[in-house]
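Here's the structure, in structure tokens; my notes come after.
Just so we're on the same page: letters track the sequence lines, and every chain starts at 1. Source: prediction; values computed, not measured.
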Amino acid sequence: MTGMNENPGALVPELLLLGGAVVGLLLGAWLPRRRQWLVRLLAAVAAVAGLLATAVAATGPDQVVFGTSYAVDTPTHATRAVVLVAVLVALALSVDGTRGHRRETEFVVLLQLAALGAVLLGGANDLLLLFAAFLLASVPLYALAGWDKSGPGVEAAMKYYLSGALLGVTMLAGTVLLLGVGRSTAYAPLRDGLATAPAPVVAVGLVALLAGLLFKIGAVPGHFWVPDVTDGTPPAVAAIVTTLPKIGGLVAAYRLLLVAIPADWPLLVAVLATASMTLGNLAAFFQTSVQRLLAYSTISQVGYLLVVVAVAGRAAQAQPALLFYLAGYAVTNLGAFAVVAALPGARTLDDHRGLARRRPALAVALAVCLFGLVGTPPTAVFVGKLTMFTAAVDGGFAWLAVVAVVNTVASVFYYLRWLAPVFRDGGAAREVAPWPAGVAYACATGSVVLGVAGGAALPLLAGAPLS
Amino acid sequence: VLSVIVFLPAAVAAVLLALPRSVPGRVFVGAWIAVCVVDLALVAAAWVGLEPGGFRHEQRVAWIPSAGISYHVGVDGLSLPLMAMTTVLFGACAVFALRETRRVRAYVTLFLALQTVSLGLFVALDLILFFLFFDLSIVFMYFVIAGWGHGERARAAALTFFLYTFLGSLALLLGFILLYLSATPHTFDIVELAAADPLAAGGPYAALTLLAIGVGLAVKTPTVPFHTWLPPAHTEAPATGSAILAGVLLKMGTYGFVRIAMPILPGAWRQYAMVAVVVGVVSVLYGALVALAQTDVKRMIAYTSVNHMGYVLLGVGAAGLLTGPDEQARQLATTGAVTQMVSHGLITGALFLLTGVLYERGRTYDMAAWSGLAARTPVFAGVFAVAAFASLGLPGLSGFIAEFQIFTGALPAAPVATALAVTGILVTAALFLVALQRLFLGPLRVPDAPGTPRPVPDLHLSEAVAVVPLLALATVIGVLPRFLLDVIEPASRVLGDLVLR
């Protein structure tokens with residue numbers, strides 16, 4: 001089987017990200033500080049080219065390449081597309097915050113490497129590649145968290161790194177355990193091997209493996225770094241850290257549970273989903289810092305996404321729900337962070353007082369994004385949530401759908417806590433950064449367009465993963 | 001045809017937005033009036049062509065098939081009269097807006113958008129489409145109140161209105177999703193859901209669904225105890241905004257009961273109809289008594305809306321209680337409720353426009369500041385008196401037809417409740433007579449501007465052209481109601497059969 005399918009042509013989007021990062025790093029070393037925007041431009045070109053390559057690849061047949069280690073199928077295409085769009089958005093979002101900074105090149109390169117890690121997570125079809133992708137998606141983000149060398153940023157990077165190191169080692173231990181009893185790291189043979197393996201060992205191995213992925217996506221119990229990193233870093237970094245790894249990590253968890261693990265473990269994931277959405281919501285209730293509020297909001301959003309992972313393979317709607325929700329979440333979450341980035345002076349909820357009168361367009365964009373995160377029609381997350389509810393009910397987890405609905409209703413409270421001052425009078429005029437503001441408008445529009453076009457997009461996401 | 005009626009205002013609004021800012025305001029208002037005339041002609045054509053039974057002019061386009069969402073529109077005898085009333089009321093507001101001078105371009109486009117949303121809601125036959133229009137109506141009305149209301153307090157009132165009704169709409173969405181999940185195959189289509197009756201078995205799930213939908217609609221209607229957003233929103237809104245809010249947006253709540261709650265959840269509705277009756281009667285009495293205590297004329301009219309919407313709830317609740325062979329009473333109660341929606345829209349719309357006239361002359365709604373206006377402004381006094389009499393249900397005017405039918409229909413179902421509700425009429429009669437006496441009789445007194453006495457001119461031509469047709473229609477319905485009832489009655493018979501399943 002090996003030797004026949006080592007076809008680099010199947011990995012053009014990944015290679016473009018890698019090439020963009022390497023060339024960008026070299027280029028940035030030679031460019032004067034005010035010309036570093038060329039690196040950003042290069043990264044954007046690479047991302048656009050990657051999107052085109054993804055579109056071309058998506059029309060071709062599904063395949064497994066490089067032995068059985070990497071699957072090029074519908075979930076991978078979707079991961080590539082969402083990650084690359086997120087990279088483009090993040091590049092535009094960070095212009096005002098990083099332009100002319102002495103480490104501007106590093107920012108762009110780290111972003112690209114983290115994106116590459118996220119894509120590889122989504123496509124990994126082998127435990128070893130999964131772990132390599134985990135490292136590639138983690139290490140650049142540790143550096144990115146400490147990128148601005150501010151006190152809170154360094155503390156956040158430290159915390160991020162330590163929990164990542166701990167849970168990464170746990171994940172590696174889980175990999176070893178599963179290899180030991182399953183006699184393979186490739187997903188398909190692993191499935192056969194695990195079918196006859198002692199169940200307790202499989203359980204321990206799976207839990208240890210999931211620990212790493214839960215850390216990556218910032219779900220309970222691997223969520224302790226999320227609030228500190230999100231609150232302690234610049235908004236552009238926070239947006240990247242709370243969006244990119246989730247896309248890859250959730251697809252990885254979905255693929256792992258569907259393809260590699262024989263007995264299904266829906267209850268375990270369902271409990272994790274419940275814990276994630278509930279704890280995230282409860283913690284978000286009385287936050288005063290917008291970035292910390294968004295941090296907890298992302299934890300609860302991951303909980304909703306895990307609902308779909310719990311019913312992986314049990315409901316026809318599960319995969320479209322997961323991929324569409326991820327796309328909608330990425331656009332909407334980036335839009336919300338873009339508003340934060342556009343108002344560098346406003347860090348607390350109360351700082352947003354009077355925004356609607358001074359910057360009505362920005363206030364509307366914020367409202368669309370926050371209502372989008374709630375899941376109000378016609379935004380993308382609504383369609384995602386709706387298909388998620390359907391999948392949960394069809395998959396025999398009606399109680400999980402109820403928990404998700406209750407949590408959604410509760411989440412309205414803290415989003416409205418942010419919106420209420422925006423539409424009140426008073427407050428001081430603030431500077432608005434133009435690029436992030438533009439990104440916020442684009443993301444808000446995108447969220448609505450994606451929601452309205454959901455009918456066309458959902459059937460495209462239904463192709464089952466290869467094994 | 002329906003899509004044209006619904007989206008014509010939005011299309012014109014888009015064109016108007018593309019015009020340069022130098023275009024005078026009259027052009028915008030003129031375009032708005034033209035839109036209303038065209039829409040009215042189209043609605044009239046649909047009215048003439050309407051045949052009883054089922055939905056007409058149906059159109060269904062797949063939107064998100066995998067989630068059971070489609071663009072599905074159609075009219076029947078319940079929605080068409082409300083569409084006609086909506087178009088007429090927007091037309092009246094357009095004529096009234098000829099005297100508006102503040103940011104006319106934005107004002108007209110906002111109202112055109114609101115018109116699209118309102119008409120769309122009444123033709124929507126898909127729950128998500130319904131919800132979309134429901135929510136957008138809240139958003140646009142927020143901007144109308146915040147942008148053209150009376151200063152700082154208007155923005156606070158608008159925010160209260162928005163938060164309150166938005167939370168209500170989320171309860172509604174929750175109910176819709178519960179309905180969606182209960183049906184096999186999952187669908188949001190109102191017609192399919194009504195045919196399938198997915199929650200016929202009853203139980204706590206059905207009760208919870210009805211509760212979520214009921215609360216969502218009750219906030220918008222509004223009934224006691226969810227009415228607290230209404231008085232500040234009405235008091236601070238501009239006259240046209242109040243007229244649309246009371247005339248059209250409140251109907252979205254009551255229309256939801258007859259379009260969604262009753263046909264899709266018949267079992268649960270029959271079981272809990274008494275709740276609707278009680279809430280309706282409490283709203284009738286509470287609204288009337290609180291209105292009696294008001295000194296602010298606009299606030300008083302706002303509370304009479306609570307009172308009038310209470311009658312609607314009494315009617316639809318009674319229709320759920322009448323499970324016996326008493327088909328005529330059931331049909332009377334439902335028909336009365338729909339007639340009351342149309343009648344209230346016309347009459348209260350007129351009353352709010354008239355208070356706008358009052359405010360424009362004297363910058364105050366305080367009844368104590370005015371007296372003896374009948375001598376100075378006889379036309380205004382006459383029109384106001386007709387509107388007030390129509391609102392209190394004088395025979396010969398549309399309010400009487402509606403309320404009489406509701407009472408006759410509800411009497412066999414809930415005699416005590418109906419008897420209590422009739423006393424509401426007495427209180428409304430008293431409060432309107434008191435208001436008329438304070439404003440128009442006695443020695444002349446007008447609120448003075450600092451230094452000079454104000455000129456208080458009588459109704460201008462555009463104001464009269466806006467208000468008088470509304471009252472004329474109310475009179476026509478009061479004297480010759482058959483043309484309206486012939487449309488509503490078959491539809492309410494169908495509805496009654498659906499509830500009785």
Can you say whether [X] sits under 4.5 Å from chain A via the side chain, the backbone, both, or neither, judging by heavy atoms?
X	answer
B:Phe188	side chain
B:Leu178	neither
B:Leu136	neither

**OP:** Select, from A:Leu458, A:Val374, A:Val412, A:Val452, the one with the greatest count of heavy-atom pairs under 4.5 Å involving chain B.
**Re:**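 Among A:Leu458, A:Val374, A:Val412, A:Val452, the one with the most close pairs to chain B is A:Val452.
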**OP:** Just give me the residue among A:Thr390, A:Thr376, A:Val409 that pairs up with chain B most often, heavy atom to heavy atom, under 4.5 Å.
**Re:**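 Heavy-atom pair counts peak at A:Thr390.
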**OP:** Using the side-chain contact (heavy atoms from CB on, under 4.5 Å) rule, take A:Leu386 and B:Ile69 through it: C-alpha gap first, then chi angles, then the decisive distance, then the call.
**Re:** CA-CA 11 Å; A:Leu386 188 65; B:Ile69 303 173; 3.9 Å; yes
Original post:
Roughly how far, to the nearest 0.5 Å, is the OG1 atom of A:Thr408 from the CG atom of B:Leu174?
Top reply: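 One finds 9.0 Å between CG of B:Leu174 and OG1 of A:Thr408.
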Original post:
Can you tell me how far CG of B:Leu170 sits from CG of A:Leu416, rounded to the nearest 0.5 angstrom?
Top reply: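 If we round to the nearest 0.5 Å, A:Leu416:CG and B:Leu170:CG are 8.0 Å apart.
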I want to check something: taking the side chain as every heavy atom from C-beta on, are [X] and [Y] in contact at a cut-off of under 4.5 Å?
X	Y	answer
A:Phe382	B:Leu132	no
A:Asp394	B:His186	yes
B:Tyr142	A:Phe423	yes

Subject >> Heavy-atom neighbours of B:Arg60 CZ exceed 12 at 6.0 Å >> reply: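 Enclosed.
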Original post:
Quick one: are the ring centres of A:Phe371 and B:Phe166 less than 6.0 Å apart?
Top reply: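 Here the rings of B:Phe166 and A:Phe371 have centres that are less than 6.0 Å from each other.
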Subject >> Residue A:Val383 versus chain B: region with a heavy atom under 4.5 Å >> reply: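 For A:Val383, side-chain heavy atoms alone lie under 4.5 Å from chain B.
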